[in-house]
Protein chains: 2
Amino acid sequence: MPMLERSNPLPLYYQLKEVLKQQIRAGHLAPHTAIPSEPELVARYRVSRATVRQALTELVHEGLLYRQHGKGTFVCEPRVQQTLSELTSLSEDIRRRGKQPGGLLLVSELVRGSETVRERLRLLDEEQAIRLVRVRTADEVPIAYEVDYLPYPRATGIYQRAKELGEGSLYSMMASEGLTPYIAEQNVKAALPSAREAELLRIPPDEPGLRVTCTTFDQTGSPIAYSEVFYPGSRYEYMVTLRVARS
Amino acid sequence: MPMLERSNPLPLYYQLKEVLKQQIRAGHLAPHTAIPSEPELVARYRVSRATVRQALTELVHEGLLYRQHGKGTFVCEPRVQQTLSELTSLSEDIRRRGKQPGGLLLVSELVRGSETVRERLRLLDEEQAIRLVRVRTADEVPIAYEVDYLPYPRATGIYQRAKELGEGSLYSMMASEGLTPYIAEQNVKAALPSAREAELLRIPPDEPGLRVTCTTFDQTGSPIAYSEVFYPGSRYEYMVTLRVARS
DNA sequence: CAGTGGTCTAGACCACTTC
DNA sequence: AAGTGGTCTAGACCACTGG
């Protein structure tokens with residue numbers, strides 16, 4: 001049985017979380033079965049109950065466990081476990097469907113941006129936006145035309161590293177630049193492709209698809225990205241998972 | 001200044017949450033301003049720090065507050081505050097856009113259900129599904145054709161109360177029947193309406209729209225509803241808000 | 001340095017479930 | 001009655017931020 005290391009700089013509750021996560025992932029704890037009770041975990045790992053509860057509470061929030069008063073703490077089904085994190089990364093989504101994500105960066109430039117862009121990013125008069133244009137692919141097939149806008153002074157690092165963005169995830173690059181996505185608002189419409197989109201995606205100009213606009217905010221509610229993506233209807237089913245209610 | 005009541009059956013941390021929520025909503029605590037520090041709250045409300053922290057941690061999870069180590073705890077922007085709860089209720093969404101939600105229940109019946117339905121709801125051989133068909137309206141204009149399926153033995157109460165479903169929220173009715181939505185998976189496609197949909201929504205048969213399928217699960221990962229909704233492209237912009245990353 | 005939040009302890013009592 | 005999770009206390013020490 002793995003133990004917690006008091007010499008480890010990682011907090012005890014965090015180590016306990018990792019141990020439990022691993023046991024769940026490895027299948028030692030099956031869905032709908034009870035994990036050891038809180039007093040048992042206290043004894044087994046020699047930590048206080050508050051520490052155990054912090055670990056369990058976070059795992060509950062992450063969708064790995066659920067509690068029932070008087071009965072115990074149980075393992076959630078894998079579907080719930082998976083659906084709680086990082087859902088708008090297109091690369092991840094493609095990989096999850098068993099295909100190879102790829103992409104081509106067509107444009108990276110500094111622009112003033114349309115009124116919509118400036119409004120979404122809350123740009124001040126003198127501020128500019130970084131504009132990135134990409135065609136995204138799954139197993140080499142083009143499945144989306146994506147235009148991203150980022151606030152310029154804040155996201156300077158992204159502009160410098162834009163070349164790496166062929167297949168890479170913009171979100172992960174943003175996170176490494178201190179722009180951590182926390183909330184996203186997505187607006188989805190049925191629409192026809194523009195001439196340019198039809199050409200680049202190699203679809204007929206009358207094939208309807210989805211136009212998804214997405215504004216991403218950090219923890220404090222400041223906008224850190226705005227994107228417009230066109231998905232041809234025949235190529236990609238747009239999937240979203242969200243929490244319906246909470247607390 | 002409001003105080004916490006030790007005679008109140010509601011927990012102290014919960015009362016504290018409500019007090020802070022109300023101060024935020026009333027504008028006494030503006031976005032990006034710091035709330036009183038934890039030791040201050042301890043003194044002011046005469047509770048232990050663990051109690052204060054439980055209240056604050058939950059408010060952070062609900063998107064009302066964010067913390068910065070060494071600096072303080074701050075109020076999130078309203079956009080983040082609003083976007084964390086109950087997002088798939090169409091009625092709520094319509095109301096948020098300043099229109100009056102309404103609806104008409106066309107069908108409520110027990111059916112065996114298609115393979116898709118049975119699979120999504122994980123029905124056993126002998127189990128049936130409740131099928132509800134509704135036209136949803138905003139300011140009397142039809143904006144969506146919705147078909148819901150619920151697992152029959154579990155959702156008996158819904159079947160009996162189906163008549164109330166004109167304008168009411170199915171989710172809130174489900175919650176009152178012990179079927180609490182926790183996670184939803186949504187799949188969105190661009191599509192043309194069926195003949196029946198075009199007729200009921202009074203749109204041309206060649207006007208593309210969105211076909212959204214949604215499977216809803218409870219806390220434990222058991223499916224509690226499956227729905228298929230058609231939104232005509234010209235009438236409604238489909239809006240989704242989700243958390244991108246967490247913990 | 002003082003003040004903030006982050007982690008942790010060792011208790012206590014309560015409410016709910018099961019037998 | 002025994003076991004579970006839910007709430008609460010009164011401390012402690014640490015890590016990070018700012019002047």
Side-chain angles (χ1 to χ4, degrees), chain A residues 3-20 29 32-62 64-76 178 180 182 219-220 246-247, chain B residues 3-20 29 32-62 64-76 178 180 182 219-220 246-247:
Chain A
M3 284 307 293
L4 312 185
E5 306 272 350
R6 297 192 110 86
S7 57
N8 191 325
L10 290 172
L12 291 172
Y13 81 90
Y14 189 86
Q15 294 182 50
L16 177 53
K17 274 179 66 176
E18 291 302 316
V19 168
L20 291 170
L29 296 168
H32 300 297
T33 60
I35 66 167
S37 71
E38 294 178 2
E40 267 178 326
L41 292 170
V42 165
R44 188 176 299 185
Y45 294 101
R46 303 182 190 286
V47 291
S48 70
R49 195 171 158 221
T51 300
V52 166
R53 278 186 68 77
Q54 179 165 7
L56 297 188
T57 299
E58 294 199 2
L59 289 172
V60 167
H61 272 282
E62 291 173 28
L64 291 184
L65 300 176
Y66 62 96
R67 294 202 253 230
Q68 288 189 3
H69 196 173
K71 298 179 77 171
T73 303
F74 304 85
V75 179
C76 284
T180 308
Y182 181 70
Q219 196 192 32
T220 76
R246 57 180 51 238
S247 84
Chain B
M3 282 309 290
L4 312 186
E5 307 272 351
R6 296 194 111 83
S7 58
N8 190 325
L10 289 172
L12 293 172
Y13 80 89
Y14 188 88
Q15 294 183 50
L16 178 52
K17 273 178 68 177
E18 291 303 315
V19 168
L20 291 171
L29 295 169
H32 300 294
T33 61
I35 66 167
S37 71
E38 294 178 3
E40 268 182 289
L41 292 170
V42 165
R44 189 176 299 186
Y45 294 101
R46 302 183 192 284
V47 292
S48 70
R49 190 168 160 222
T51 299
V52 167
R53 278 187 68 78
Q54 179 166 8
L56 298 188
T57 299
E58 294 197 4
L59 290 171
V60 167
H61 272 281
E62 291 172 28
L64 291 183
L65 299 176
Y66 62 95
R67 294 204 254 229
Q68 286 188 3
H69 194 173
K71 298 178 78 172
T73 303
F74 304 85
V75 178
C76 285
T180 308
Y182 181 70
Q219 197 192 33
T220 75
R246 57 180 51 238
S247 82

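These figures come from a predicted structure and were not determined experimentally. Any value given below was found using the heavy atoms of this structure, including those in side chains, with hydrogens, waters and symmetry copies removed. First the proteins, then the strands, lettered A, B, ... as listed; each starts at 1.
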**Q.** Arg53(A) with Glu58(A): basic N within carboxylate O range, under 4.0 Å
**A.** no

Q | side-chain contact (heavy atoms from CB on, under 4.5 Å) between Phe74(B) and Thr220(A), intermediate numbers included | A | CA-CA 8 Å; Phe74(B) 304 85; Thr220(A) 76; over 6 Å; no

Rounded distance (Å) that lies between atom [atom2] of [N] and atom [atom1] of [X]:
{"X": "His69(B)", "N": "dA2(C)", "atom1": "NE2", "atom2": "C1'", "answer": "14 Å"}
{"X": "Glu38(B)", "N": "dC13(D)", "atom1": "CD", "atom2": "C1'", "answer": "15 Å"}
{"X": "Glu40(B)", "N": "dA2(C)", "atom1": "CD", "atom2": "P", "answer": "17 Å"}
{"X": "Lys71(B)", "N": "dG18(D)", "atom1": "NZ", "atom2": "C1'", "answer": "9 Å"}
{"X": "Phe74(A)", "N": "dG5(D)", "atom1": "CZ", "atom2": "C1'", "answer": "10 Å"}
{"X": "Glu5(A)", "N": "dC8(C)", "atom1": "CD", "atom2": "P", "answer": "14 Å"}
{"X": "Arg46(B)", "N": "dC8(D)", "atom1": "CZ", "atom2": "C1'", "answer": "17 Å"}
{"X": "Tyr45(A)", "N": "dA10(C)", "atom1": "OH", "atom2": "C1'", "answer": "21 Å"}

Q. In terms of the nearest nucleotide of DNA chain C, which residue is placed more toward the 5' end: Gly70(A) or Ser48(A)?
A. Ser48(A)

Q) When you match Pro11(A) and Gln68(B) each to their closest nucleotide on DNA chain C, which lands nearer the 5' end? A) Gln68(B)

State whether [X] places a side-chain N or O below 4.0 Å from either non-bridging phosphate oxygen (OP1 or OP2) of [N].
{"X": "Thr73(B)", "N": "dT4(C)", "result": "no"}
{"X": "Ser37(B)", "N": "dT4(C)", "result": "yes"}
{"X": "Arg53(A)", "N": "dG5(D)", "result": "no"}
{"X": "Arg6(B)", "N": "dC14(C)", "result": "no"}
{"X": "Arg49(A)", "N": "dA10(C)", "result": "no"}

Q. Counting distance only, does the side-chain N/O of Gln15(A) pair as donor-acceptor with the main-chain N or O of Glu5(A) below 3.5 Å?
A. yes

(Q) Heavy atoms only, 4.0 Å cut-off, all strands: where does Leu12(A) land among base, sugar-phosphate and nothing? (A) sugar-phosphate

**Q.** Selected nucleotide, minimal atom distance to Pro39(A) side chain, candidates dT4(D), dC8(C), dG5(C)
**A.** dT4(D)

Q: Determine the interplanar angle of the His61(A) and His61(B) rings, folded into 0 to 90°, and report it as parallel if under 30°, tilted if 30 to 60°, perpendicular if over 60°.
A: parallel

Q | Shortest non-hydrogen contact from Leu41(B) toward Ile35(B) | A | CD1-CD1, 4.3 Å

